[in-house]
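Just the heavy atoms: all of them, side chains too, but no hydrogens, waters or symmetry mates, feed the values below.
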Amino acid sequence: MDKIFLHELKVETIIGIWEWERKIRQMVVIDLEMSADIAKAAATDDVADTLNYKSVAKRIQSFVADSSFQLVETLAEKIAEIIREEFDVAWVRVKVHKPGAIRGSRDVGIDIERGERPG
């Protein structure tokens with residue numbers, strides 16, 4: 001199975017458990033890998049025959065910008081659900097980064113996989 005990826009999708013959202021975090025928007029960075037069979041698209045050279053990563057990006061950007069979760073774990077899980085259900089993706093890997101969340105660390109986050117991993 002082939003994979004389509006989207007790296008470093010940046011979105012401002014409300015995320016965090018602390019009171020001050022609930023009052024501001026913070027940047028999260030999202031990496032996606034999605035299973036897709038691109039053989040037909042490669043043969044037809046038609047975007048209608050593939051997983052349109054622009055459509056995925058717009059949907060996820062909109063969802064994340066409008067969300068207000070406490071945990072990056074919850075955000076990652078909801079992103080995976082949207083991709084699997086709305087875009088008919090059998091397997092997805094979602095990484096949500098929260099840069100600067102821990103003093104002394106460049107980045108922290110979560111990395112999840114949902115669905116049957118491609119062979």
[X] [atom1] to [Y] [atom2] distance, which is reported to the nearest 0.5 Å:
{"X": "Gln61", "Y": "Asp66", "atom1": "CD", "atom2": "CG", "result": "11.5 Å"}
{"X": "Met27", "Y": "Lys10", "atom1": "CE", "atom2": "NZ", "result": "7.0 Å"}
{"X": "Gln70", "Y": "Trp18", "atom1": "CD", "atom2": "CH2", "result": "10.5 Å"}
{"X": "Ile14", "Y": "Phe69", "atom1": "CD1", "atom2": "CZ", "result": "11.5 Å"}
{"X": "Ile15", "Y": "Leu71", "atom1": "CD1", "atom2": "CG", "result": "7.0 Å"}
{"X": "Glu8", "Y": "Ile30", "atom1": "CD", "atom2": "CD1", "result": "12.0 Å"}

If you look at every heavy atom in [X] and [Y], which pair is closest and at what distance?
{"X": "Ala65", "Y": "Thr13", "value": "O-OG1, 4.3 Å"}
{"X": "Asp31", "Y": "His7", "value": "OD1-CA, 3.4 Å"}
{"X": "Ser68", "Y": "Arg22", "value": "OG-NH2, 2.7 Å"}
{"X": "Leu51", "Y": "Ala36", "value": "CB-CB, 4.3 Å"}
{"X": "Val72", "Y": "Lys98", "value": "CG1-CD, 4.2 Å"}
{"X": "Arg114", "Y": "Ala80", "value": "CG-CB, 3.9 Å"}

In the structure I gave you, are the side-chain heavy atoms of Glu77 and Ile112 within less than 4.5 Å of one another anywhere?
yes

Do His97 and Val108 come within less than 4.5 Å of each other through their side chains, counting heavy atoms only?
no

Going through the checks in order, is the side-chain contact (heavy atoms from CB on, under 4.5 Å) test met by Leu75 and Phe63?
CA-CA 10 Å; Leu75 180 58; Phe63 171 76; 4.0 Å; yes

Output side-chain donor-acceptor pairs under 3.5 Å for residues 99-106, partner residues at least two apart or in another chain, one line each.
| residue | atom | partner | partner atom | Å |
| --- | --- | --- | --- | --- |
| Ser105 | OG | Asp107 | N | 3.4 |
| Ser105 | OG | Asp107 | O | 3.0 |

Set out, in order, the CA-CA distance, both residues' side-chain angles and the distance that settles side-chain contact (heavy atoms from CB on, under 4.5 Å) for Ser35 and Glu116, then state yes or no.
CA-CA 9 Å; Ser35 63; Glu116 187 173 326; over 6 Å; no

Go through the steps to decide whether Val56 and Met34 satisfy the test side-chain contact (heavy atoms from CB on, under 4.5 Å), and finish with yes or no.
CA-CA 10 Å; Val56 173; Met34 302 159 285; 3.9 Å; yes

Name the atoms and distances for all side-chain donor-acceptor pairs under 3.5 Å in residues 38-47, with sequence neighbours left out.
| residue | atom | partner | partner atom | Å |
| --- | --- | --- | --- | --- |
| Thr44 | OG1 | Lys40 | O | 3.1 |
| Thr44 | OG1 | Asp46 | N | 3.3 |
| Thr44 | OG1 | Asp49 | OD2 | 2.6 |
| Asp46 | OD1 | Ala48 | N | 2.9 |

With hydrophobic residues grouped by side-chain heavy-atom distances under 4.5 Å, do Val11 and Val29 end up in a single group?
no

Val94 and Ile82: same hydrophobic cluster, using ILVMFWY side-chain contacts below 4.5 Å?
yes

Flag the pair Lys95 and Glu113 as a salt bridge only when some basic side-chain nitrogen lies within less than 4.0 angstrom of an acidic carboxylate oxygen.
no

Partner of Ile79 under side-chain contact (heavy atoms from CB on, under 4.5 Å), chosen from Val96, Leu9, Val92
Val96

With side-chain contact (heavy atoms from CB on, under 4.5 Å) as the test, would you mind laying out the steps for Trp91 and Arg93 before giving the verdict?
CA-CA 7 Å; Trp91 172 88; Arg93 180 177 191 178; 3.7 Å; yes

